[in-house]
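Read the structure below first, then the notes.
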Amino acid sequence: MQSQYEPKKTEEKWYSFWQEKSLFDAKINPKKKPYCIVIPPPNITGILHMGHALNNTIQDVLIRYKRMKGYESLWMPGTDHAGIATQNVVERSLAQEGLRKEDIGRDKFLERLWGWTDEYGSTIINQLKKLGTSCDFKRTRFTMDEGYSEAVKEVFVRLYEKGLIYKGNYIINWCPRCKTALADEEAPHKEIDGWLYYIKYPVKAQGRPVKPPRGQAASKVTKSPVPDYIVVATTRPETMLGDTAVAINPKDKRYKFLKNCEVTLPIIERNLKVVEDNMVEVSFGTGVVKVTPAHDKNDYLMARKHDLEFVNIMRDDAVLNENAAEFAGMDRFEGRQALLEVLQAKGLLDKKEPYKLSAGHCYRCHTIIEPRLSTQWFVRMKPLAKPAIKAVRDNKVRFYPQRWRKVYLNWMQNIEDWCISRQIWWGHRLPVYYCNNCLGQTGSKSQIPKGNKKGVIVSGIRPEKCPECGSKKLVQEEDVLDTWFSSWLWPFATFGWPFNESQSHPVKPPQGQAASKVTKSQDIKRQREEFNYFYPTDVLVTASEILFFWVARMIMAGLQFIGKVPFKDVLIHGTVRDIRGVKMSKSLGNVIDPLEIIDKFGADALRFSLMLLVSSGQDAYLSEEKFLVGRNFANKLWNATRYILSRVPRTACRVPRLNRKDLSLADKWILSELNILIKETTSNFEKFRMDEVAKSIYDFFWHKLCDWYIEISKVEKDKNKENLLIFVLDTVLRLLHPVMPFITEEVWQKINSSKKQGSLMVSEWPAGLKIKALKSEIDSFLALKELIISLRSFKKDLGLYERIEMMVGSGDKRRSRVLKDNLEWVSFLARANIVIGKTSCKESISTANKDFDISLSREFIKDADIHKRKIEKKIEELSGVITSQKNKLSNSSFVKKAPQEVVSGVREKVKVCLDERERLKRIRWS
RNA sequence: GGGCGUAUAGCUCAGAUGGUUAGAGCGCUGCGCUCACAUCGCAGAGGUCUCUGGUUCGAAUCCAGAUACGCCCACCA
């Protein structure tokens, strides 16, 4: 074994070993309880980033832990077709050839997409393997798999038949670059710097003159004169071209006169209606709102209420259309500038003020979205949300950390309908067919009124003819479904749901299994049984970013289609950020590539460091050097193993049974510490506290096993020691394996070399130890440990580095005896030749700790100043403690009200401190 | 405009159900290649636990308020 651990030499070896032995595979096992996690399917366009590394490490750690704990662990892997993202990638490559997707047509474009998917779609899955992920890869699913598509269609049809899917003309988020509708969640609002423009709209008194008849009080006349114009404020001036009204608040007295006026839209010269609506905020802008029903969500709602005209002024690429008069053909922002110039020239631009506004941005390409009136498909969400709210309220689904529960409930209670149609080509095409014959009579298919099903056929299988008129002229809906409309089925569609015998494409059997040997119905039966065994899954591990996109919708889908929640626990971890706290992103260039870290430090180092850093849902601030902890720990483990193996002959190397007999004080101590570690680690895993798991193993291994026990073992070379060293190491390897699978397997194989080859990853999780140490024994050991530290410190303060003779005594007989029994290793570790007994002050210089008095011959001392100051400081410190503790005791309500054990604890503390201080005070310096 | 999170050593963070004159890692100082490990060992320095009130015998820990930073949601043009 080399003195430095080299991860590259072991990682690949053991990963293929596990795969060859099919250790990642899961199947129904009636003797075991199931444990199942479905992977949040990464986009096929994705490449592994630190967020994936974190997310998947957590899952792998849990899966491996439960597997060792005796569960049948299934980690279901797969990828997501990521509609818009993937289409964008392929469009870009097309653009390099100077082509647009329209040039080659839908079929050819889809061919390209499938080609890309076949070539690059599994990149991320292969990268995941480098992390050590123990997914059952034979089950790898893709949201566009034939079988999966059946589930998507089934769900669409079921929802449609229940009246939960409808088609309607609404204002939706439109990305003019991707040229598709987006759901609200896909268009996050971001603040941008803009301007608030104040524009004058000419006003004319209507019909009868407003002028009052002669003789009436003049004051009343001057109260509401009709001005030449009113001023509206807007951040998007170009939309004025689509204005069909202006609105005021009914309570706003300032504009009462407008009811009898004609307002004209400049440039277009259109008459605008004047409407009153409470939605108008009196205090904002001028109190008058321009209403653009086809380009703003609020205006749209207002228009519906007041029966206004809709004027669309933009094409799908946000270029102004023929309704935009002279500005037609200009891009929206170009048009804005041009329009402003015209307004300026005409004296209609009152003023402009800098203004921060928040606008939706496409979550794929970051283009500012344009609210657009268009016909889309929607899912009615309220009925789906209701049971999903109840399930969380009833703790059928629990969130970790719990605060996300509130966020979830808040969102669900205010949920709006989900726009699911997308005007792209890559995705599941809606299982909707139009009969041209029937629709010919009612008009174009974009104007199907809500609820009118005539000529619209929704079916999982393409119908041959129209059930209404028999026509064979059927056309399938061009739109595809939102990617999340397939992802929300992930926890059950991956198992082959809906298990229809009649479905055209059953889920393909696991790779390697001959398809012909398995009949379709057997296959479906197997899938159904597996589903019943593994569903509901156990935990979903995810970042908070997709709580609404995905997690909430999965809960709704699970309850709606299966009648059971899809998972019991939702573990939400933090976001990965750079060292300054900025979210890592490729465009910012602040990413740390996990593959590079693996290359430099090893996958185990990456995993261990990540686990250490993500404490209960907090964001992790990363830099390359933070991974050194993991690397160093791996190296420590490696070298400790090297030492232990040097002590134990290889041929005899196997994990022993422990014998209660002949255990030394140190043995008892380390076993008792190990026992605590087993308990803590197990309970921390159950609480999803992977940071605590990593921390406590690290602490035990490094600072208890290596710093003390192994050091002691260099002196205390009894027969038991070898067995114990192997035993403790073996136990730690088991505990650590979920977090650091590679090095633990490598080491475990070495210390189990005499056994026939098994694998650590499927060996048993450590149970609590039966051997118990007495409290007094542990106490004695700790006193010796403290003594060693005091001896070292004492020497150090006196500037002594040689192995010298030191005198140690104790007033306590038991302490003296224990010291005598363990003198050899105490001396070794203290680097001193210890003599038990007392010496006179004249010849020696002394110190004391809680249990022992220490002194050494004056002949060694050159300079005792540091030591003297330290003693003084220590005395001061002790006095402080004594005073504060005594104060407590003199407080009668403390003695009365505090628990007995606390009071006696304080008394004990005072006693001990007094004693130590007394002994320190006795030290004479000359 | 709502909702949430975080403020503890120079840095990154631990500190269930209140009882420690507050812990770790990194960094820093000093010493050491003690035969597993310099990706190491040993000994140290370093904190009025953001502020102000309150509850309590007792608060880093619970409550209220303030301040700072961060995040999410929302139809103020």
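Naming convention: chains lettered A, B, ... in sequence-line order (proteins, then strands); numbering from 1 in each chain.
For A/N249, the side chain to side chain donor-acceptor pair (under 3.5 Å) criterion is met by no residue, not counting sequence neighbours. Partners of A/Q402 under the side-chain contact (heavy atoms from CB on, under 4.5 Å) rule, at least two apart in sequence or in another chain, are A/R405. A/T575 pairs by the side-chain contact (heavy atoms from CB on, under 4.5 Å) definition with A/E545, A/R577, A/K583, A/D619, not counting sequence neighbours. A/L889 pairs by the side-chain contact (heavy atoms from CB on, under 4.5 Å) definition with A/F894, A/V903, A/V906, A/R907, A/V910, not counting sequence neighbours. In this structure, the side-chain contact (heavy atoms from CB on, under 4.5 Å) partners of A/I804, at least two apart in sequence or on a different chain, are A/K795, A/L800, A/E802, A/M806, A/L856, A/F860.
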5' to 3', nucleotides 20-26 of chain B under a 4.0 Å protein heavy-atom cut-off (B base, S sugar-phosphate only, - none) gives -B---S-
Per-nucleotide protein contact along nucleotides 67-74 of chain B, 5' to 3', at a 4.0 Å heavy-atom cut-off (B base, S sugar-phosphate only, - neither), is ------S-
Per-nucleotide protein contact along nucleotides 44-49 of chain B, 5' to 3', at a 4.0 Å heavy-atom cut-off (B base, S sugar-phosphate only, - neither), is SS----
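Taking only side-chain nitrogens and oxygens, A/Y355 comes nearer than 4.0 Å to OP1 or OP2 of B/A77.
Between A/E872 and A/K868 there is no salt bridge, since no side-chain nitrogen of the basic residue lies less than 4.0 Å from a carboxylate oxygen of the acidic one. Remark: A/K600 engages A/E624 in a salt bridge, criterion side-chain N to carboxylate O under 4.0 Å. By the 4.0 Å N-to-carboxylate-O rule, A/K785 lies too far from A/E673 to be salt-bridged with it. Between A/R332 and A/E370 a salt bridge is recorded (basic side-chain N to carboxylate O distance below 4.0 Å). Of the charged side-chain nitrogens involved, none lies within less than 4.0 Å of a carboxylate oxygen, so that A/K873 and A/E876 do not count as a salt-bridged pair.
Nearest to the side chain of A/R792, among B/U12, B/C57, B/A43, sits B/A43. Considering only side-chain atoms of A/Q618, the nucleotide from B/A77, B/C37, B/U6 that sits closest is B/U6. For A/E692, the side-chain atoms get nearest to B/A14 when compared with the rest of B/A43, B/C57, B/A14. The side chain of A/N639 approaches B/A36 more closely than any other nucleotide in the set B/U12, B/A36, B/G19. Considering only the side chain of A/K406, B/C4 comes nearest among B/U56, B/C4, B/C42. Of the listed nucleotides (B/C31, B/C57, B/U34), B/C57 has the atom at the smallest distance from the side chain of A/F894. Among B/A36, B/C57, B/G19, the nucleotide with an atom closest to any side-chain atom of A/K636 is B/A36. Distances from the side chain of A/W702 to the nucleotides B/C75, B/C40, B/A36 place B/C40 closest.
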Distances under 3.5 Å between protein N/O atoms and the N/O atoms of nucleotides 61-65 of chain B, please, pair by pair.
none

The dot-bracket string of RNA chain B, counting Watson-Crick and G-U wobble pairs with both distances under 3.5 Å, using [ ] for crossing pairs and | for pairs to another strand, is (((((((..((((.....[...)))).(((((.......))))).....(((((..]....))))))))))))....
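Atom pair A/W708:CH2 and B/G41:C1' shows a separation of 12 Å (rounding to whole Å applied). Distance, A/R642 CZ to B/U39 C1': 12 Å, rounded to whole Å. At whole-Å resolution of the value, CD in A/Q900 and P in B/G19 are 18 Å apart. Between A/Y408 atom OH and B/G3 atom C1' the separation is 17 Å, expressed in whole Å. One can place OH of A/Y643 at 16 Å from P of B/U34, the figure rounded to the nearest angstrom. Protein atom CG of A/L409 is 13 Å distant from nucleotide atom P of B/C4, rounded to whole Å. The interatomic distance linking A/Q4 (CD) with B/C37 (C1') rounds to 9 Å, in whole Å. The CD atom of A/Q413 sits 18 Å away from the P atom of B/G2 (whole-angstrom rounding).
Between A/L729 atom CG and A/I751 atom CD1 the span is 4.5 Å, to the nearest 0.5 Å.
With hydrogens and angles ignored, a donor-acceptor pair under 3.5 angstrom links the side chain of A/E711 to the base of B/A36. One cannot find a donor-acceptor pair under 3.5 Å joining the base of B/C57 and the side-chain atoms of A/K896.
When the C1' atom is compared between B/C71 and B/G27, the two are found 30 Å apart, to the nearest whole Å. With P as the reference atom, B/C40 and B/C49 are 33 Å apart, rounded to whole Å. B/A24 and B/C42 are spaced 13 Å apart, taking the P atom of each and rounding to whole Å. To the nearest whole angstrom, the two C1' atoms, one in B/G23 and one in B/G47, are 11 Å apart. A gap of 32 Å separates the P atoms of B/G30 and B/A14, to the nearest Å. B/A74 and B/U12 have their C1' atoms separated by 35 Å, with the value rounded to a whole Å. On the P atoms, B/G44 is 35 Å away from B/U6, given to the nearest whole Å. Between the C1' atoms of B/U52 and B/C57, the separation comes to 23 Å (whole Å).
Using a 4.0 Å heavy-atom distance criterion, A/P899 is classed as a base contact.
Contact check for A/V614 versus A/M690: no side-chain heavy atoms found under the 4.5 Å cut-off.
When each of A/W418, A/W411, A/Y363, A/Y408 is tested with A/F548 by the rule ring pair (Phe, Tyr, Trp, His ring centres under 6.0 Å), just one qualifies, namely A/W411.
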Expected list for residues 284-296 of chain A: side-chain donor-acceptor pairs under 3.5 angstrom, two or more places apart:
unit_1	atom_1	unit_2	atom_2	d
A/T286	OG1	A/V231	O	2.5
A/T286	OG1	A/V288	N	3.3
A/K290	NZ	A/T239	OG1	2.7
A/K290	NZ	A/D243	OD1	3.2
A/K290	NZ	A/T292	OG1	2.9
A/T292	OG1	A/D243	OD1	2.6
A/H295	NE2	A/N312	OD1	3.3
A/H295	NE2	A/I313	N	3.0
A/D296	OD1	A/N298	N	2.9
A/D296	OD1	A/D299	N	3.1

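Both A/R689 and A/I788 sit near RNA chain B, but only A/R689 has its closest nucleotide nearer the 5' end.
Remark: aromatic rings of A/F633 and A/F608 are close, center separation under 6.0 Å.
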For A/Y698 and A/W702: C-alpha separation, side-chain torsions, deciding distance, then whether ring pair (Phe, Tyr, Trp, His ring centres under 6.0 Å) applies. CA-CA 6 Å; A/Y698 180 95; A/W702 203 307; 5.3 Å; yes
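The list of side-chain hydrogen bond (donor to acceptor under 3.5 Å, both in side chains) pairs with a residue in residues 632-641 of chain A, not counting sequence neighbours, reads A/N639-A/R642.
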